[in-house]
Amino acid sequence: MIESEGGKRLSAEDQKLTSPLHFSVEAEQGVARAGRLHTRHGVIETPTFMPVGTLGAVKGLGPLDLEDLGASIMLANLYHLSLRPGIDRIEQLGGLHRFVGWRRPLITDSGGYQVFSLSGLRKIDDGGVTFRSVHDGSMMRFTPESVVESQQRLGVDIAMMLDECPPWPVEHGPALAALERTNRWAEMAAEAWSRLEEPAGGLFGIVQGSFYADLRERALEALVPLGFAGYAIGGVSVGEAKGLGRDVVRQVAPELPRDKPRYLMGLGTPSDLAYAVRHGIDLFDCVLPSRNARHGALFTSRGVIRIKNSRFQTDDSPLDPECSCSTCRSVSRAFLHHLFRTGEYSGKVLATRHNVSFYLDFVGQLREALKSGCLDVKVSDLLRHYSSTTR
RNA sequence: GGAGGCGUGGCCGAGUGGUCAAAGGCAGCAGACUGUAAAUCUGCCGGGUUAAUCCCUACGGUGGUUCAAAUCCAUCCGCCUCCA
């Protein structure tokens with residue numbers, strides 16, 4: 001069944017885990033689709049890019065900045081927020097939306113990525129993960145149930161299940177063990193979710209399985225029957241060779257329930273995004289636009305510009321002539337270069353605004369193209385200055 | 001006038017006989033970054049060459065001592081501190 005019907009095996013009635021979310025597909029082109037995801041904090045037009053605000057804000061931007069850029073949902077991180085300022089504090093201050101001043105939908109990652117990125121600071125067992133704090137060495141326990149509960153207390157619109165995100169490369173044996181654990185955690189999370197009286201958002205399941213097709217298949221078999229409000233593809237963007245994540249996307253995305261939002265975690269470059277949209281992904285997040293902005297690598301319609309390079313010293317042109325963000329409307333490449341050279345933080349802020357704007361606009365254009373049935377033309381137009389696998 | 005100290009590569013600054021083209025930092029040149037322990041990290045950074053290498057020029061100037069000097073001696077130039 002998994003392999004045959006191209007993602008049509010479940011309908012809306014099959015949603016077993018209750019949530020206020022409602023997703024509808026508005027337009028389709030092959031497996032690619034544009035849709036609308038209704039939440040208690042507004043509607044998200046998909047496909048869309050979700051800027052990463054780990055600690056409650058995209059580094060360098062305030063909540064209204066992000067609204068102005070057109071972001072319809074922001075991603076924060078449960079692990080980092082649990083550490084500082086703590087879930088109790090946020091709850092006491094009125095929940096995450098109120099605390100960070102963001103009125104639109106919020107999604108939190110569960111800490112599963114920190115299983116990977118902080119692998120030296122955690123111990124994993126069948127019941128969950130124990131992290132040792134970098135800040136004071138204290139221990140913090142994350143379980144599939146506690147993660148559901150914490151995200152509910154934060155009041156987020158999309159909660160992610162706790163998963164084990166294995167590194168790359170990993171042998172089939174350990175990858176299988178990690179997957180079985182993640183699949184069990186999915187059941188535990190679903191069970192915990194079903195006990196919530198009034199869920200603030202929806203719970204997303206995470207398809208793991210590293211870079212093994214049979215394991216991905218296994219993940220689908222385990223997760224889809226649980227009836228999550230949405231499905232994510234995890235376990236990519238963990239240092240693998242360029243382009244490997246695409247194979248996973250191509251295999252998994254079309255197999256996910258058609259009537260649920262599909263979220264590709266952690267990818268990627270503009271061409272990764274375009275690839276994923278074409279294969280039916282609705283939601284993305286990636287640190288690349290914000291981090292690269294701070295590091296001086298700027299995405300433009302003409303390719304990536306490393307603004308610190310000496311050749312921009314006297315370049316009076318706008319960063320991206322085809323971009324209408326406030327950075328491109330107001331300053332030259334030469335000035336941005338100067339700000340980066342001198343370490344002035346407004347350079348990073350201006351760069352972050354532009355990069356996040358570029359990503360939102362990029363996916364927005366794909367969305368509009370999809371609605372008018374010219375996705376492929378749009379993709380090749382947008383990527384004319386980007387190589388196929390790297391940027 | 002007296003006493004003492006200092007001068008090192010674009011800058012700051014280690015080094016006080018060979019293992020020194022000379023630590024480290026900054027600046028400079030380039031690169032990386034993918035569910036953010038990242039305003040971070042990596043490489044190059046006197047000149048010429050090579051696969052590794054090797055050669056040249058260099059630690060204020062000049063002249064010595066020595067197999068060998070950024071390092072020791074003499075002298076000159078410049079700068080600084082304290083006392084009068």
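So you know, we letter chains A, B, ... as the sequences are listed, proteins then strands, and number each from 1.
Counting only heavy atoms from C-beta on, A297(A) has its side chain closest to C33(B) among C33(B), A39(B), U36(B).
Ranked by how close their nearest RNA chain B nucleotide is to the 5' end, V238(A) and K348(A) are led by V238(A).
Across the C1' atoms, U8(B) and A69(B) are found 14 Å apart, a figure rounded to whole Å. A gap of 44 Å separates the P atoms of G60(B) and C33(B), to the nearest Å. If you take atom C1' in C55(B) and the same atom in C41(B), they sit 35 Å apart, rounded to whole Å. Spacing of P atoms, G25(B) relative to A14(B), comes out at 15 Å, to the nearest Å. Comparing C59(B) with A3(B), their P atoms sit 31 Å apart, to the nearest whole Å. Here the separation of C82(B) from A38(B), taken at their C1' atoms, is 50 Å to the nearest Å. As rounded to the nearest Å, G28(B) and C12(B) have C1' atoms that lie 15 Å from one another. Atom P of G61(B) sits at a distance of 22 Å from the matching atom of U66(B), rounded to the whole Å.
Taking both residues in full, the closest heavy atoms of Q365(A) and L382(A) are given as OE1-CD2, 3.6 Å, listed atom of the first, atom of the second, then distance.
Contact annotation for L121(A): base contact, defined as any heavy-atom pair under 4.0 Å involving a base atom. Among the atoms of the strands shown, base atoms are found under 4.0 Å from some heavy atom of D163(A). G235(A) comes within 4.0 angstrom of a base, heavy atoms only. Heavy atoms of N292(A) sit under 4.0 angstrom from at least one base atom. Nucleic acid contact class of I206(A) (heavy atoms, under 4.0 Å, all strands): base. Across all strands, E344(A) comes closer than 4.0 Å to no nucleic acid atom at all (heavy-atom distances). No engagement by H135(A) is indicated, since no non-hydrogen atom pair under 4.0 Å with the nucleic acid exists.
In this pair, F131(A) and F142(A) present their aromatic rings perpendicular. The plane angle is above 60°, beyond the 30 to 60° band. Aromatic ring pairs are classed by plane angle as parallel below 30°, tilted from 30° to 60° and perpendicular above 60°; the pair Y386(A) and F358(A) is tilted. The aromatic rings of F228(A) and Y231(A) stand perpendicular to each other, their planes meeting at an angle above 60°, with 30° marking the opposite boundary.
With a 3.5 Å ceiling on both atom-pair distances, U50(B) lacks any Watson-Crick or G-U wobble partner. Pair assignment for A38(B): none, as no Watson-Crick or G-U wobble contacts are both less than 3.5 Å. For A74(B), the paired nucleotide is U62(B), the pair qualifying as Watson-Crick or G-U wobble because both relevant distances are below 3.5 Å. Under the Watson-Crick and G-U wobble criteria, each requiring two contacts below 3.5 Å, nucleotide U57(B) is left unpaired. C29(B) is paired with G43(B) under the criterion used here, namely a Watson-Crick or G-U wobble arrangement in which both key atom distances are under 3.5 Å. Across all strands shown, the partner of G1(B) is C83(B), judged by Watson-Crick or G-U wobble contacts whose two distances both fall under 3.5 Å. Base pairing of A14(B): no nucleotide in any strand meets the Watson-Crick or G-U wobble criterion (both distances under 3.5 Å). The partner of A69(B) cannot be assigned: no Watson-Crick or G-U wobble pair with both contacts below 3.5 Å exists in any strand.
Using a 4.0 Å cut-off, no side-chain N or O of K242(A) falls inside it from OP1 or OP2 of A32(B).
As a whole-Å value, the separation of R291(A) CZ from U36(B) P is 9 Å. Residue Y345(A) contributes atom OH, which lies 17 Å from atom C1' of U40(B) at whole-angstrom precision. Atom CG in L298(A) sits about 13 Å away from atom P in G31(B), given to the nearest Å. One interatomic measurement links the two molecules: CE of M265(A) to C1' of U36(B), which rounds to 13 Å at whole-angstrom precision. Between the P atom of U36(B) and the CG atom of N77(A) lies a distance of 5 Å, rounded to the nearest Å. Rounded to a whole Å, the CZ atom of R294(A) is 7 Å from the C1' atom of A38(B). The CG-P distance, from L339(A) to A39(B), rounds to 18 Å in whole Å.
The stacking criteria are not both satisfied for H80(A) over the base of U36(B), which would need a centre-to-centre distance under 5.5 angstrom and an angle between ring planes under 30 degrees.
D285(A) and Y263(A) form a side-chain donor-acceptor contact under 3.5 Å, judged by distance and modelled atom types alone.
Put simply, the side chain of S138(A) never gets that close to the backbone of S133(A): no donor and acceptor are under 3.5 Å apart.
Salt-bridge check for E28(A) with R258(A): passed, with a basic side-chain N closer than 4.0 Å to an acidic carboxylate O.
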Could you list all N or O pairs between the protein and nucleotides 25-30 of chain B that sit under 3.5 Å apart?
{"residue": "G28(B)", "atom": "OP1", "partner": "R341(A)", "partner atom": "NH1", "Å": "3.4"}
{"residue": "C29(B)", "atom": "OP1", "partner": "R341(A)", "partner atom": "NH2", "Å": "3.1"}
{"residue": "C29(B)", "atom": "OP2", "partner": "R341(A)", "partner atom": "NH1", "Å": "3.2"}
{"residue": "C29(B)", "atom": "OP2", "partner": "R341(A)", "partner atom": "NH2", "Å": "2.4"}
{"residue": "A30(B)", "atom": "OP1", "partner": "S310(A)", "partner atom": "OG", "Å": "3.4"}
{"residue": "A30(B)", "atom": "OP2", "partner": "S310(A)", "partner atom": "N", "Å": "3.2"}

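A centroid separation of 6.0 Å or more is found between the aromatic rings of Y359(A) and F362(A).
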*Would you sort out whether R153(A) and D88(A) count as a salt bridge (Lys or Arg N to Asp or Glu O under 4.0 Å), showing the intermediate values?*
CA-CA 8 Å; R153(A) 286 168 66 200; D88(A) 290 345; 2.3 Å; yes
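Every side-chain contact (heavy atoms from CB on, under 4.5 Å) that A27(A) has, sequence neighbours left out, goes to A34(A), K371(A).
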